[in-house]
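First comes the structure, then the notes that go with it.
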Amino acid sequence: MNNNSAIGNLGEDLACRFIMDRGFKTILRNFRKPWGELDIIAKDPTGVLVFIEVKTILAHTNQNDNFGLKPEDNLTNSKLKKLQRTAQIFVGNNQELIDDKRGWRIDLIAITIPENLLSNDLTELIKHCDTKHFENI
């Protein structure tokens, strides 16, 4: 596994903890099809089915190394279209998970992990990460 994959996996673990702390229930992680992937599929506290894309970056100690990049900047239009298509196909094959009154949505969780805290456990790490939740992107 390369470093980007390791950071991505850590970001998904942190995102799962983040949403769990807010009352979400994780249904599935890493749903993959040839045309796209859904990082996290969950139900929010109101029962809405939510497809969550996670974008994670490592914040270097020297802020100049980050060039002002934010994790949410890595969600391209192309990636969003793939997410929408994959979510629609998932919904079509899993109607029992959809509440007709509430429907479904796609959210983005953007996480910046401080480089100097990578060795901490998830509980400690999540306290120090910059985590943003964008609903219904």
Return the [atom1] to [atom2] distance between [X] and [Y], rounded to the nearest 0.5 Å.
X	Y	atom1	atom2	answer
Leu10	Leu122	CG	CG	6.5 Å
Ile137	Leu108	CD1	CG	5.0 Å
Thr112	Glu115	OG1	CD	13.0 Å
Leu38	Glu53	CG	CD	8.0 Å
Thr26	Glu12	OG1	CD	11.0 Å
Ile52	Ile40	CD1	CD1	5.0 Å

[X] with [Y], same ILVMFWY side-chain cluster at under 4.5 Å:
X	Y	result
Ile98	Leu28	yes
Leu49	Val54	no
Phe31	Ile27	yes
Phe134	Trp104	yes
Ile106	Phe18	no

Flag the pair Lys55 and Asp39 as a salt bridge only when some basic side-chain nitrogen lies within less than 4.0 angstrom of an acidic carboxylate oxygen.
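A salt bridge is absent here (no side-chain N lies under 4.0 Å from a carboxylate O).
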
salt_bridge(Arg105, Asp44) N-O dist < 4.0 Å
yes

Note, [X] side chain near [Y] side chain (heavy atom, < 4.5 Å):
X	Y	result
Arg32	Asn30	yes
Ile113	Leu125	yes
Ile111	Pro71	no
Thr46	Lys101	no
Ile109	Ile19	yes

Which heavy-atom pair separates [X] from [Y] by the least distance, and what is that distance?
X	Y	value
Val48	Gly103	CG1-O, 3.7 Å
Pro45	Arg22	CG-O, 3.2 Å
Gly47	Arg102	C-CD, 4.0 Å
Arg17	Thr123	NH1-OG1, 2.9 Å

All N/O donor-acceptor pairs, side-chain side in residues 76-93, below 3.5 Å, sequence neighbours left out:
| from | atom 1 | to | atom 2 | distance (Å) |
| --- | --- | --- | --- | --- |
| Thr76 | OG1 | Lys79 | N | 3.0 |
| Thr86 | OG1 | Lys82 | O | 2.8 |
| Asn93 | ND2 | Ile89 | O | 3.3 |

